[in-house]
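Order of appearance sets the numbers: ligands from 1, and atoms from 1 within every ligand.
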Amino acid sequence: MGAFIVLEGIDGSGKSTACARVADELRSRGLDVILTAEPTHDGIGAFIRSGNAGKVSQRAESLLFTADRYEHTSEIRRQVSEGRVVVCDRYYPSTVAYQSAKLDGDSADLGWLKGLCEPFTDEPDAVILLDMDPEESMGRVEGRGLEESKFENIAFLRQVRSAYLDLAREFGYSVVDASRSADEVFRDVMTIIQEVV
Ligand code: ADP
Ligand code: TYD
């Protein structure tokens with residue numbers, strides 16, 4: 001039976017690391033696993049990643065991420081219906097948490113964001129929030145050597161973290177303390193995933 005699993009968290013919280021380990025572990029148990037991420041690397045996702053949209057408002061940004069998700073969701077749905085386990089690094093909670101936070105004084109309204117995302121998303125079987133302090137997570141990312149995204153600053157990420165925690169309370173996401181070792185985080189994430197695969 002297929003399943004749709006989403007990992008969420010601020011930049012540097014260890015999502016990519018945990019997703020890769022989860023995919024390896026599930027494959028070693030004989031499951032057919034698709035590892036994917038948003039923004040995607042195709043079409044609209046690639047356009048977002050290119051930075052060619054320039055400096056746009058948080059509302060316009062939300063529309064771009066949502067358009068990317070709409071295309072991505074039909075592919076996720078197909079994979080799950082064919083019995084695969086889809087592990088997705090970010091999904092609609094990213095849009096609600098990141099685009100509701102203030103960036104240069106601009107943010108999208110929380111109610112508007114939830115209403116926007118709802119018709120264009122499928123309900124994941126599990127949403128796992130890797131929660132940690134942005135100061136620590138940015139310390140990790142600084143060592144990564146990639147160009148810093150406009151969403152990666154501590155004050156901004158504090159708001160994102162708080163929005164994520166509110167969403168977790170409201171919608172019952174699992175919250176994992178991501179400040180611990182990669183092994184400990186992975187163990188907790190697998191415990192949650194075992195309930196849905
Ligand atoms: P994200 O995908 O959430 O941005 P990554 O998985 O890319 O985060 O991790 C960011 C950096 O932190 C990487 O260099 C990764 O190797 C490292 N890292 C991931 N998980 C941990 C952990 N639990 N403890 C310490 N470092 C970690
Ligand atoms: P990220 O997961 O960091 O991609 P990568 O690890 O491949 O660089 O995502 C890029 C940025 O996009 C990240 O700072 C979070 C942001 N983002 C949003 O602001 N809203 C969204 O809906 C999504 C999916 C991502």
| said: Quick check on contacts: which atoms of ligand 1 are under 4.0 angstrom from a heavy atom of Thr17? | reply: 5 (P), 6 (O), 9 (O), 15 (C), 19 (C)

| Does ligand 1 have any atom that is closer than 4.0 Å to a heavy atom of Ser181? | yes

| message | Heavy atoms only: which of Gly14, Gly9, Ser137 lies closest to atom 8 (O) of ligand 1? | response | Gly14

| query | So is Asp89 polar-close to ligand 1, meaning N/O to N/O under 3.5 Å? | reply | no

| task | Please check if the side chain of Asp89 supplies one atom and the backbone of Ala37 the other of a donor-acceptor pair under 3.5 Å. | result | no

| query | Considering residues at least two apart in sequence or located in another chain, which fulfil the ring-ring contact (aromatic ring centres under 6.0 Å, His included) criterion with Phe120? | reply | Tyr70

| ligand 2 versus Gln99: contacting region, heavy-atom distance under 4.0 Å | side chain

| request: Would you indicate which of Gln58, Arg49, His41 comes nearest to atom 8 (O) of ligand 2 when only heavy atoms are counted? | output: Arg49

| message | When you measure from the heavy atoms of Arg180 to every atom of ligand 1, does any distance fall below 4.0 Å? | response | yes

| task | Step by step, work out the side-chain hydrogen bond (donor to acceptor under 3.5 Å, both in side chains) result for Tyr173 and Asp131. | result | CA-CA 11 Å; Tyr173 305 159; Asp131 176 58; over 6 Å; no

| request: Supply the atom-to-atom distance Asp133 CG to Met138 CE, rounded to the nearest 0.5 angstrom. | output: 10.5 Å

| task | Indicate if Met132 and Val189 have the same hydrophobic cluster label, given that clusters are the connected sets of ILVMFWY residues with side-chain heavy-atom separations under 4.5 angstrom. | result | no

| query | Is any NZ, NE, NH1 or NH2 atom of the basic residue among Arg29 and Glu25 found under 4.0 Å from an Asp or Glu carboxylate oxygen of the other? | reply | yes

| request: Show which atoms of ligand 1 fall inside a sub-4.0 Å distance from at least one heavy-atom site of Ala182. | output: 22 (C), 23 (N)

| said: Using a plain distance cutoff, I'd like to know if Gly12 has any nitrogen or oxygen under 3.5 Å from a nitrogen or oxygen of ligand 1. | reply: yes

| query | For ligand 2, which atoms have a heavy atom of Pro39 less than 4.0 angstrom away? | reply | 9 (O), 24 (C), 25 (C)

| said: What's the separation between atom CG in Leu167 and atom OH in Tyr92, rounded to the nearest 0.5 Å? | reply: 7.5 Å

| Of Glu8, Glu38, Gln99, the residue whose pairing with Ser94 passes side-chain hydrogen bond (donor to acceptor under 3.5 Å, both in side chains) | Glu8

| remark: Closest to atom 18 (N) of ligand 1 by heavy-atom distance, out of Lys15, Glu136, Glu184, Arg140, is Arg140

| task | Decide, yes or no, whether a salt bridge links Arg78 with Glu75 under the criterion of side-chain N to carboxylate O below 4.0 Å. | result | yes

| field | Any N/O pair Ser16/ligand 1 closer than 3.5 Å | value | yes

| query | If you count the atoms of ligand 2 from 1 in the order shown, which ones are under 4.0 Å from a heavy atom of Asp11? | reply | 3 (O), 13 (C), 14 (O)

| field | Contact atoms of ligand 2, heavy-atom distance to Glu38 under 4.0 Å | value | 24 (C)

| field | Atom pair CZ (Phe65) and CD1 (Ile48), whose distance is rounded to the nearest 0.5 Å | value | 5.0 Å

| Among Glu61, Lys15, Arg90, Arg69, closest by any non-hydrogen atom to atom 1 (P) of ligand 2 | Arg90

